Peer 1: 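Here it is, the structure, as structure tokens.
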Amino acid sequence: QVQLVESGGGLVQAGGSLRLSCAASGRTFSSYALGWFRQAPGKEREFVATIAWAGGSTYSADSVKGRFTISRDNGKSTVYLSMNGLKPEDTAVYFCAAVKYGVRATRESEYDYWGQGTQVTVSS
């Protein structure tokens, strides 16, 4: 069982930056691929970025490439999403998710554990 707790959301102006964190419980954090998804009001949840369990390879959605970076610190059992150049269309609730031994997991159905989400609001 893995529990995920997101933090770091908030209100920021367009062009600004935020760093989201997702702290995980459990002793085998390094065995899990982690992903970030987001859900805007009235829209379906969508993939943002993922980082693999081994080697730490990453993959991001085209909409955030060059602006968002996913990273992990296995010693702290935490995954991060650094967001730069934020746009109003990035406004959403951001969720982190985990799946054991995942590699390039971009679909919701691939993940077994989810956090409760953190709100990010970008004003124009």
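All values below come from the heavy atoms of this structure, side chains included, with hydrogens, waters and symmetry mates left out. Everything numeric in this text was worked out from a predicted model, so none of it was measured.
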Peer 1: Working to the nearest 0.5 angstrom, can you tell me the gap between Phe68 CZ and Ser63 OG?
Peer 2: 7.5 Å

Peer 1: Using atom types as modelled and distance alone, determine if a side-chain donor or acceptor of Ser77 lies under 3.5 Å from a backbone N or O of Ser25.
Peer 2: no

Peer 1: Going through the checks in order, is the salt bridge (Lys or Arg N to Asp or Glu O under 4.0 Å) test met by Lys87 and Asp90?
Peer 2: CA-CA 5 Å; Lys87 305 174 181 179; Asp90 295 318; over 6 Å; no

Peer 1: With hydrophobic residues grouped by side-chain heavy-atom distances under 4.5 Å, do Val103 and Tyr101 end up in a single group?
Peer 2: yes

Peer 1: Report the distance from atom CZ of Arg38 to atom CZ of Arg45, rounding to the nearest 0.5 Å.
Peer 2: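 So the CZ of Arg38 and the CZ of Arg45 are separated by 13.5 Å.
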
Peer 1: For Phe37 and Tyr111, take the angle between the two ring planes, folded into 0 to 90°, and tell me which bin it lands in: parallel under 30, tilted 30 to 60, perpendicular over 60.
Peer 2: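 Rings of Phe37 and Tyr111: perpendicular, as their planes differ by over 60°.
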
Peer 1: A quick test of your reading: do over 12 heavy atoms of other residues, nucleotides or ligands sit less than 6.0 Å from CD of Gln119?
Peer 2: yes

Peer 1: Let's go through Gln13 and Leu86 carefully: what are the C-alpha distance in whole Å and the side-chain angles of both, what is the deciding distance for side-chain contact (heavy atoms from CB on, under 4.5 Å) to 0.1 Å, and is it a yes or a no?
Peer 2: CA-CA 8 Å; Gln13 289 187 334; Leu86 283 161; over 6 Å; no

Peer 1: Among Ile51, Val48, Val64, whose side-chain contact (heavy atoms from CB on, under 4.5 Å) with Ile70 holds?
Peer 2: Ile51

Peer 1: To the nearest 0.5 Å, tell me how far Tyr94 OH sits from Cys22 SG.
Peer 2: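 Taking OH in Tyr94 and SG in Cys22, the distance rounds to 14.5 Å.
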
Peer 1: Any chain of hydrophobic side-chain contacts (each under 4.5 Å) joining Tyr59 to Val79?
Peer 2: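 No, it is not one cluster - the side chains of Tyr59 and Val79 are not joined through contacts under 4.5 Å.
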
Peer 1: Hydrophobic clustering (ILVMFWY, side-chain heavy atoms < 4.5 Å, transitive) - are Leu4 and Val99 grouped together?
Peer 2: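 No, because Val99 and Leu4 fall into different hydrophobic clusters, even though each may have its own neighbours under 4.5 Å.
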
Peer 1: If you look at every heavy atom in Ala24 and Val2, which pair is closest and at what distance?
Peer 2: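 Heavy-atom minimum between the residues: CB-CG1, 4.2 Å.
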
Peer 1: Has Lys65 got more than 12 heavy atoms of other residues, nucleotides or ligands less than 6.0 Å from its NZ?
Peer 2: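 For Lys65, atom NZ is crowded (more than 12 foreign heavy atoms under 6.0 Å).
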
Peer 1: For Pro88 and Ala14, which heavy atoms make the closest approach, and how far apart are they?
Peer 2: CD-CB, 4.1 Å

Peer 1: Sort out for me which residue in Leu20, Leu34, Asp73 forms a side-chain contact (heavy atoms from CB on, under 4.5 Å) with Tyr80.
Peer 2: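 With Tyr80 as partner, side-chain contact (heavy atoms from CB on, under 4.5 Å) holds for just one option, Asp73.
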
Peer 1: Measuring from Gln39:CD to Glu108:CD, what's the distance to the nearest 0.5 Å?
Peer 2: 7.5 Å

Peer 1: What is the distance from atom OG1 of Thr58 to atom CZ of Arg72, rounded to the nearest 0.5 Å?
Peer 2: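 With rounding to 0.5 Å, OG1 (Thr58) is 11.5 Å from CZ (Arg72).
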
Peer 1: To the closest 0.5 Å, what do you measure between CH2 (Trp53) and CG (Asn74)?
Peer 2: 11.0 Å

Peer 1: Over all heavy atoms of both residues, which pair between Thr78 and Ser21 is shortest? Give the atoms and the distance, please.
Peer 2: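 What the structure gives for the nearest pair is CG2-CB, 4.2 Å.
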
Peer 1: Does any part of the side chain of Asp112, heavy atoms only, come nearer than 4.5 Å to the side chain of Tyr32, both counted from C-beta?
Peer 2: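 No, too far: nothing below the 4.5 Å cut-off.
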
Peer 1: Donor-acceptor check, side chain of Glu6 to backbone of Gln116, threshold 3.5 angstrom: yes or no?
Peer 2: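 Confirmed, Glu6 side chain pairs with Gln116 backbone.
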
Peer 1: Which pair of non-hydrogen atoms, one from Ser17 and one from Gly85, has the smallest distance, and what is that distance?
Peer 2: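 Closest approach of Ser17 to Gly85, heavy atoms only: OG-N, 4.4 Å.
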
Peer 1: Is there a path of hydrophobic side-chain contacts, each under 4.5 Å between heavy atoms of I, L, V, M, F, W or Y residues, that connects Phe29 with Phe95?
Peer 2: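 In one cluster: no.
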
Peer 1: Can you see which heavy atom on Ser123 is nearest to which on Leu11, and at what distance?
Peer 2: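 Of all heavy-atom pairs spanning Ser123 and Leu11, the closest is CB-CD1, 4.3 Å.
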
